[in-house]
Amino acid sequence: MKAIVDCNNFYCSCERLFKPSLEGKPVVVLSNNDGCIVSRSNEAKQLGVEMAGPYFMAKPLIGKHGVTVFSSNYNLYGDLSWRVMETLRVMFGKKNVEVYSVDEAFLDLGIFPENELQEVAEKIKQTVERWTGIKVSVGVAPTKVLAKVANRLSKKYTQQYEGVMVLDNEEKIIAALKQTQIGEIWGVGYQYAEKLKEHFCIYDALQLSRMSEEFGRTHLGGVTGSRLLRELKGIPSKDMEDELVNKRMIATTRMFGSPVGDIDSIKEAVATYTSRAAEKLRRQHSAAKVVSVFIVSKGEDHNTNFRGAMHGKSVTLPAATSFTNELIKPAVALVDKLYEPGHLYKKAGVMLSGIVPDDSIQGNLFLSETRNCDRRLMDMIDNVNFSQRDDVLKFAASGTERNWKMQQNHISDRYTTRWNELFEVC
DNA sequence: TCTGGGGTCCTAGGACCC
DNA sequence: TCTGGGGTCCTAGGACCC
């Protein structure tokens, strides 16, 4: 049996933890650059504030009801996320915890007899809440997809289930599937949901679960779809993932706080994003051989991404590396090729690919010993920056003025990672 | 005026190889 | 006029997730 533990309205809960006066009041948290709404407290949901909606459009509603607004504070959320996950690892052992996202983790509960699962699930909820102050919902079922179904319902019918739902027999599974609409299934997005309704008159999860694996393969994206069908039928087909599996692509992209025209500022931004990407690379003990950069000018579609970007270029390095200085240089050089004077730019991004383990980097006889020195330098930078959950140490190419930085007009304090921003009890 | 960021998996088709 | 079989690697594009 598998469980999914999901933090309720995670970003909002993090903010409220240090502002208890907001308990029971509507709260929202904004995306980078204060663009969209990415987390809403239950009270905000009830007021009809839309998820992922642009902030400026929700402003009238937010103002009218006195909703409290926060910019994203990733220092705080990252630290609290770590505490939640660590709690689960202490309870169940590292091996049985798969961190799925900043606010969700799957657990393998295979070692527990079925008649204890309800108790175990309740224990998870209590312990995480007591140790971290973050409220969670727990769904338990034979497969990941069904656990997700259970989790959703445990939240939807809070009164009845109090945030814990265990699907340990056929009857309960059928009832749960019946209450789940097609588009609410994990792995069925908008496109598939429309297709299923329109062409096949399938509206709920129970109906879908009765279709064949072959149906999934043909209509829901090949093997992904057939796996989904199996999972719905209670046959585990999505294994617990080994978290040590490394990412094959690492990207850092950002909108600028406001459009930028001068090339030096764009280079600073690209150097900064490269540093961040390199840090992610080193954290997973990898090195990259390909550096790609794109910049998006003001007139272009804001959804423009790497592939769609008009102005993207990449270079293949002579040898894979994870050293910030060795990655910044080619990245900044790409800006020279992409930049057109007279344009205003609103966004830039850096992507590292061609990723290999850093102990398998192809040796080059002529590399000097200074590399060992650089290695130690990188380690030191990473340690200092990690301790602060921020890039307090950076390369000069990243700039000091940083007039391109994103807007965060409603940011809260970094209560758990900065001495001078500690929570005060008067 | 103002709409985020970072990923994953899969398929099809073309180029190329022996 | 006729023209095999089996592979790999890469890219583009489509779908999904939080």
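To find a chain, count down the sequence lines: A is the first, B the second, and so on, and within it residues start at 1. Computed from heavy atoms alone, side chains included, the values below leave out hydrogens, waters and symmetry copies.
- When heavy atoms are screened at a 4.0 angstrom cut-off, A:Met406 is found touching no nucleic acid atom at all.
- Using a 4.0 Å heavy-atom criterion, one finds that A:Asp34 contacts no nucleic acid atom at all.
- Here A:Lys280 reaches the OP1 or OP2 of B:dG7: one of its side-chain N or O atoms lies under 4.0 Å away.
- Under the 3.5 Å distance criterion, with hydrogens and angles disregarded, no donor-acceptor pair is assigned to the side chains of A:Thr417 and A:Asp79.
- Using a 4.0 Å heavy-atom distance criterion, A:Lys195 is classed as making no nucleic acid contact.
- A close approach under 4.0 Å does not occur between any side-chain nitrogen or oxygen of A:Thr224 and OP1 or OP2 of C:dC16.
- Residue A:Leu107 forms a side chain to side chain contact (heavy atoms under 4.5 Å, CB included) with just one option from A:Val97, A:Asn96, A:Val138, and that option is A:Val97.
- Residue-level contact check: A:Ile37 touches neither bases nor backbone, having no heavy atom under 4.0 Å from any strand.
- Across all strands, A:Leu220 comes closer than 4.0 Å to no nucleic acid atom at all (heavy-atom distances).
- Residue contacts shown for A:Asn32 are limited to sugar-phosphate atoms, with no base heavy atom under 4.0 Å away.
- At distances below 3.5 Å, not a single donor-acceptor pair connects side-chain atoms of A:Glu213 with backbone N or O atoms of A:Leu229.
- A:Val102 comes within contact range of no nucleotide atom at all, as no heavy-atom separation falls under 4.0 Å.
- When only modelled atom types and interatomic distance are considered, A:Asn8 and A:Ser137 share a side-chain donor-acceptor pair under 3.5 Å.
- Side-chain nitrogen and oxygen atoms of A:Arg227 include at least one within less than 4.0 Å of the OP1 or OP2 phosphate oxygen of B:dC10.
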